[in-house]
Every structure is written in C-alpha cells, then in structure tokens.
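Here is the structure we will look at, set down as structure tokens.
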2 protein chains.
Amino acid sequence: MPSSLKAHTECTATHTPTLKAACSQCGLKELCLPVGLNQSEIERLDNLVGDRRKLRRGEHLYRTEDHFEAIYAIKTGFFKTDLLTEDGRDQVTGFQMTGDLLGLDGISADKHSCNAVALEDSEVCPIPFANLEHFASEIRSLQSHFHRLMSREIVRDQGVMMLLGKMRAEERLAAFLLNLSQRFNSRGFSPAEFHLRMTRDEIGSYLGMKLETVSRCFSRFQDEGLISVQQKHIRLLDIPRLKALMSR
Amino acid sequence: MPSSLKAHTECTATHTPTLKAACSQCGLKELCLPVGLNQSEIERLDNLVGDRRKLRRGEHLYRTEDHFEAIYAIKTGFFKTDLLTEDGRDQVTGFQMTGDLLGLDGISADKHSCNAVALEDSEVCPIPFANLEHFASEIRSLQSHFHRLMSREIVRDQGVMMLLGKMRAEERLAAFLLNLSQRFNSRGFSPAEFHLRMTRDEIGSYLGMKLETVSRCFSRFQDEGLISVQQKHIRLLDIPRLKALMSR
DNA sequence: CGCAGTTTTGATTCATCTCAATTTGTGTGG
DNA sequence: CCACACAAATTGAGATGAATCAAAACTGCG
C-alpha cells in the first residue's frame with residue numbers, strides 16, 4: 001500500500017531536487033482536496049499546490065503564532081495538533097493522517113492558533129491559501145468542497161466536545177480506538193489491527209485523561225478480551241462490544 | 001440599547017407581514033457577516049438574505065438531521081446548540097448571541113449535526129447557503145470573510161477542548177464567565193454585569209460538569225468576593241482575580 | 001549493552017458526582 | 001392578584017472515578 005505513495009521524481013525542468021506536488025498523479029485523489037473535481041480541474045490544482053515538504057519525526061510543520069499562508073494536505077505520515085497555555089498545560093486537539101488537511105485554524109487571524117507536529121516521518125503538500133481562494137472563486141466544485149471540509153472540521157470538534165464533556169474514561173478510549181479504526185479502514189488499511197503513532201501521554205492529552213489512566217484502560221480492555229495491546233501495536237478483537245461500551 | 005435593534009417595518013410592496021432583512025440598515029454591520037464589505041457590497045447582501053424569522057423562547061431553529069439550506073445570523077436573542085447521543089446524553093456545544101452565525105455545521109453533509117434552540121425570544125436572518133456561495137465567488141472580500149468566520153469557529157472549538165480537557169471545575173466556570181463578559185462587552189453591553197440566559201444545567205452541560213457543581217462554584221466565587229450571583233443575574237466584582245484563577 | 005524514555009501497576013488522595021432534601025422562583029388559571 | 005404547581009437552584013453527606021505519587025518493567029536507540 002505505501003508503495004503507491006512513494007515520492008514521484010521531480011517534474012520541473014530545473015535542477016533543484018524539489019518534489020513537485022501533482023494531485024493529478026496522486027493516489028489520494030479520492031480522499032483529499034480534489035474530491036469531486038474533474039480531470040481538467042485537478043490539473044489546475046497542480047499549479048496551485050506548492051512543492052512537497054518532508055518532515056522528520058518530531059519536526060514542527062508550524063507553530064502557534066506562525067504567520068499563516070498555506071494549508072497542508074498530508075501526503076504520507078501522521079501528525080498531531082496541540083495547544084499550549086501560558087501555565088504550561090498542553091492539549092492535543094487532534095491527530096491527522098494521510099489525506100487529512102492541516103492548518104485551517106490559521107485562516108481566522110492570519111496566524112496559526114496551534115502547533116502541528118509530525119509523529120512520524122511525513123510529507124505534506126502545501127496549498128498557498130491565497131491561491132486556493134482564488135481558484136475556489138473560479139471552480140465552484142472546489143469552493144463547495146472546501147467549505148464542506150471546513151464544516152467537517154467543525155462537526156468533528158463537536159464530537160470531541162461530546163467525548164470530553166460526557167464520556168467516562170473507558171468510553172473515551174473506546175471511541176478513540178473505533179475512530180482510528182474507521183479512518184485506517186477508509187484509507188485501505190486494516191480496521192482491526194494498527195500501530196499507534198502517539199504515546200500514551202498524547203492519547204491522554206487528547207482524551208482529557210492522564211497517561212496512567214490510558215494505560216489502565218488498555219489493560220482492562222485486554223483483560224476483557226476486547227483488544228490486544230503490545231506497546232503501540234493494537235488489535236481490536238471485539239468491535240461490536242467496543243461499540244456497545246460507548247453507549248454504556 | 002435594545003431599542004436600536006427593534007424590528008424594522010416591512011419594506012416589500014406585498015401585503016404579507018414579513019420582515020425583510022436588510023444588512024444595509026442593520027446595526028450589526030460591524031459585527032456580523034458584512035464586516036469588511038463596502039456600501040455597495042452590503043446592498044448586494046440585502047438581496048441574498050431571506051426574510052427574518054422570529055422564534056419564541058424554547059423554539060428550535062433547526063434540529064439534528066434537518067436538511068441544511070441556510071446559515072443564520074442572529075439579529076437579536078440568544079441560542080444554544082447541542083448534541084444528543086442515542087443513549088440520551090446531551091452536550092451543549094455553544095451559546096450564540098447577537099451577531100453570531102448559526103448553522104455552519106450543516107455544510108459538511110447537507111444536514112445539521114446539532115440542534116439550535118432559542119434561549120429567549122429571538123430573531124434571525126437566514127442566509128440561503130447556495131446564494132452565499134454564489135456571492136462569495138463574486139465578492140472576494142465576502143469570500144475571505146466567510147472563510148475567516150468558519151476558521152474562527154474551529155479555533156473557538158479548540159479553546160473549548162482545552163477547557164474540557166485540561167481545566168478544573170472552577171477554572172472552567174471562570175473562563176466561561178470571562179468569555180461571556182468579553183462578548184457582551186464587544187456588543188456594547190456591560191462586561192461586568194449581565195443576565196444569564198441559560199440554566200445551571202445548560203452551563204454544566206457545556207462545561208462538562210454537573211449542575212450542582214456549577215451552583216457550588218458560583219457560591220464559592222461569591223463567598224470569595226469574585227462575583228455576585230442572584231439567580232441568573234451575575235456581577236463580576238474582580239475580573240483580574242478571575243483571570244488569575246484560570247492560570248492557577 | 002546500557003541508558004533514557006515509555007509503559008505498566010499499585011496504593012492513596014481528592015475533585016467531582018450522586019442522591020437527597022430544601023429553598024427559591026416562575027408561569028398559569030381561577 | 002393570588003395561589004398552586006412545577007422548574008430551577010442551593011446545600012449537605014457520602015460514594016466513586018480518576019489523579020497523584022511512587023516504583024518497577026519494558027523498549028528501543030545510540
């Protein structure tokens with residue numbers, strides 16, 4: 001599967017070893033920004049997207065307060081976004097994977113309101129926002145799709161509020177695992193077996209619980225035969241029962 | 001203050017007693033969708049906005065699963081949005097007041113993902129979304145402003161995640177009061193004295209705590225001289241100390 | 001191979017929830 | 001306009017889920 005995501009060779013005539021992004025050649029057409037565009041429109045997108053950018057594990061794609069200029073489509077890899085308060089508390093606000101968009105937070109004030117960090121070596125396609133708005137006003141389907149994507153982010157956030165506001169620790173973790181499962185599945189990976197890219201601490205931060213509690217819940221799930229855990233390797237053994245756990 | 005917000009008389013030639021919305025005449029020009037538009041652009045907005053709709057306290061503007069067709073600018077009044085799970089748990093996801101926009105959640109799937117309920121008699125200006133997208137692609141400043149508004153919603157939601165994920169009950173309530181204070185202030189009302197339109201239960205639902213805990217926190221704040229509470233009437237007596245409370 | 005970071009597990013504490021009773025406020029109809 | 005019924009808010013006592021503190025085990029990286 002990852003082989004189809006390997007970097008293309010450069011396609012500019014220059015000698016710089018940049019990786020020209022090319023939506024028209026990309027395996028993520030059905031998942032990413034081009035959804036719903038026809039062939040010629042996708043080709044116009046190619047001109048819009050900047051050179052691909054590679055990040056090593058742990059590297060920041062952007063930081064809070066950075067000037068906003070582009071949103072980023074994840075070509076390969078895995079990210080987290082987080083907020084930091086003055087008094088040092090850190091809240092993970094999301095985990096993003098292949099095909100997801102990063103940076104929408106920056107539009108509102110021309111600067112980013114959170115940090116985006118690669119949790120594994122990754123590659124992103126920067127989409128300069130000025131260009132995107134320009135094309136969006138010409139290509140109605142692009143405009144419409146972009147609006148849907150922003151709205152989807154709002155809906156997603158509502159779900160997280162429900163999670164944080166109303167669920168108990170076990171329910172949160174079950175919801176989290178099922179969400180990952182579903183997202184891996186829609187990207188062609190196994191929904192029942194996957195590798196966590198984040199630490200227990202990061203999971204805990206996202207779910208509003210301490211890392212010890214995350215660990216204890218994993219253990220309890222395992223004891224009950226719901227999942228199998230070996231460090232970061234997770235297997236979901238009883239998805240129906242996990243789902244049932246959520247509606248208590 | 002409310003007198004300037006009183007309903008205009010109808011301005012159509014028909015005999016139906018509808019209230020034609022007119023951004024160009026509205027006192028909320030600086031707060032609402034028209035921000036940043038010039039006079040002639042605002043006049044074009046007038047044609048875009050549908051007839052004003054009145055809601056009584058307790059009435060739904062829309063419900064989860066309702067077909068999405070318009071977003072709504074709040075002309076007067078106060079709303080909450082909330083989600084309901086199958087097993088009956090209810091999460092308030094936001095409180096909206098004059099000048100705020102409602103309905104952005106519906107764009108992503110052509111149907112609403114939450115309920116919007118008036119917490120007092122209110123009036124909204126419906127903006128049919130198809131029209132809005134059409135005008136947005138013609139008026140760049142409208143397009144740009146609309147994107148900022150959606151992004152602001154995303155940023156706001158991140159703040160709520162921080163609140164729910166990392167703060168203790170007292171901090172949440174302090175943050176909540178300060179947020180209301182700031183929003184009333186920017187609408188020309190007193191930042192230090194206001195009337196809560198929602199119940200303790202709704203505050204608790206929003207902040208991820210039980211109504212009894214909300215009530216206890218109010219009492220404690222009052223004992224400590226931070227605020228004065230008489231049912232729904234709140235006076236903030238020591239804003240700096242309330243702020244300090246948040247960064248513990 | 002050893003060390004640092006991560007994870008697991010245990011014992012204890014604490015914040016918030018739950019259950020319950022009382023007070024206060026509000027809307028309706030006589 | 002008052003009285004009644006119902007909804008909302010306050011307060012207390014006790015239960016509990018998750019946090020905290022602490023130590024040990026595991027992992028993988030240099």
Side-chain angles (χ1 to χ4, degrees), chain A residues 56-58 80 88-92 117 119-121 163-177 195-224 227-234 245-246 248, chain B residues 56-59 78 80 88-92 117 119-121 163-177 195-224 227-234 245-246 248:
Chain A
R56 307 292 302 275
R57 177 166 187 264
K80 71 168 176 183
R89 279 178 283 189
D90 180 50
Q91 172 73 32
V92 171
V117 187
L119 295 183
E120 63 183 22
D121 293 356
L163 194 104
L164 292 173
K166 290 290 168 303
M167 294 186 178
R168 298 173 316 99
E170 285 195 358
E171 300 176 302
R172 294 182 201 186
L173 193 61
F176 172 72
L177 291 174
H195 190 83
L196 298 175
R197 271 74 168 182
M198 69 295 280
T199 65
R200 302 288 191 261
D201 196 26
E202 286 163 335
I203 296 173
S205 175
Y206 180 62
L207 298 177
M209 50 207 254
K210 293 286 146 181
L211 69 105
E212 294 94 328
T213 309
V214 174
S215 179
R216 273 186 249 274
C217 282
F218 271 135
S219 301
R220 207 170 320 140
F221 284 176
Q222 182 159 245
D223 292 347
E224 288 168 8
I227 66 177
S228 107
V229 191
Q230 286 162 241
Q231 294 293 125
K232 300 201 147 136
H233 186 85
I234 302 283
L245 205 157
M246 285 182 51
R248 173 140 26 177
Chain B
R56 308 291 302 274
R57 178 166 187 264
E59 236 183 297
F78 207 95
K80 72 169 177 183
R89 278 178 284 189
D90 180 49
Q91 172 73 34
V92 172
V117 187
L119 295 183
E120 63 182 24
D121 293 357
L163 194 104
L164 292 171
K166 289 290 169 300
M167 294 187 180
R168 297 173 318 101
E170 285 195 357
E171 300 177 300
R172 292 183 202 186
L173 193 62
F176 172 71
L177 291 173
H195 190 83
L196 298 175
R197 271 75 170 182
M198 68 296 279
T199 66
R200 301 289 190 262
D201 196 26
E202 286 163 335
I203 296 173
S205 175
Y206 180 61
L207 298 178
M209 50 208 255
K210 292 287 145 178
L211 69 103
E212 294 95 328
T213 310
V214 174
S215 180
R216 274 185 249 273
C217 281
F218 271 136
S219 301
R220 207 169 321 139
F221 283 177
Q222 181 158 247
D223 292 347
E224 289 168 7
I227 67 175
S228 109
V229 192
Q230 285 163 241
Q231 295 293 125
K232 300 201 148 137
H233 185 85
I234 300 284
L245 206 156
M246 285 180 52
R248 170 131 37 159

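Since this is a predicted model, take the numbers as computed values, not measurements.
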Arg172(B) and Leu164(B), any side-chain heavy atoms less than 4.5 Å apart: yes
Lys166(A) NZ to dC17(C) C1', straight-line distance once rounded to whole Å: 13 Å
Atom-to-atom span, CG of Asp223(A) to C1' of dT8(C) - whole angstrom: 12 Å
Straight-line distance of Met167(B) CE to Arg89(A) CZ, nearest 0.5 Å: 5.5 Å
Determine all donor-acceptor pairs shorter than 3.5 Å in which one atom belongs to a side chain in residues 208-224 of chain B; sequence neighbours excluded.
residue   : atom : partner   : partner atom : Å
Ser219(B) : OG   : Ser215(B) : O            : 3.1
Arg220(B) : NH1  : Glu170(B) : OE2          : 2.4
Gln222(B) : OE1  : Val229(B) : N            : 2.8

Any Ser219(A) side-chain nitrogen or oxygen under 4.0 Å from OP1 or OP2 of dT9(C): yes
For atom CG of Leu196(B) and atom C1' of dG25(C), their distance in whole Å: 15 Å
Base-contact (B) and sugar-phosphate-only (S) positions in nucleotides 16-21 of chain D, heavy-atom cut-off under 4.0 Å, - elsewhere: --SSBB
Axis-to-axis angle between the two ends of the helix from dC1(C)-dG30(D) to dG30(C)-dC1(D) (five base pairs per end, rounded to 10 degrees): 50°
Under 3.5 Å between N/O atoms: give me all the protein pairs with nucleotides 26-29 of chain C, atom names plus distance.
none

Distance in Å, Leu177(B) CG paired with Leu245(B) CG, rounded so as to fall on 0.5 Å steps: 10.5 Å
Side chain to side chain, Ser228(B) and His233(B), heavy atoms closer than 4.5 Å: no
Under 4.0 angstrom between Lys232(B) side-chain N/O and dA8(D) OP1 or OP2: no
Length of the line joining Asp201(B):CG and dT10(D):C1', which is rounded to integer Å: 14 Å
Side chain to side chain, Met198(A) and Lys80(A), heavy atoms closer than 4.5 Å: no
Phosphate-side-chain proximity, Ser215(B) and dA8(D), N/O vs OP1/OP2 below 4.0 Å: no
Distance, rounded to the nearest Å, where Met198(A) contributes CE and dT7(C) contributes C1': 16 Å
Atom-pair distance (CG on Leu173(B); P on dT10(D)), nearest Å: 11 Å
Nearest-angstrom distance from the residue atom CD of Gln230(B) to P of dT24(C): 13 Å
Protein-nucleotide distance (Glu171(B), atom CD; dA15(C), atom C1'), rounded to Å: 12 Å
For the student: nearest non-hydrogen atoms of Lys166(B) and Asp90(A), plus distance: CE-O, 2.7 Å
Atom pair CG/CD1 of Leu196(A) and Ile203(A) - distance to nearest 0.5 Å: 5.0 Å
Side chain proximity check, Thr199(A) to Lys232(A), heavy atoms < 4.5 angstrom: yes
Non-neighbouring partners of His195(B) that pass side chain to side chain donor-acceptor pair (under 3.5 Å), sequence neighbours left out: none
By side chain to side chain donor-acceptor pair (under 3.5 Å) - contacts of Arg200(B) (at least two apart): none
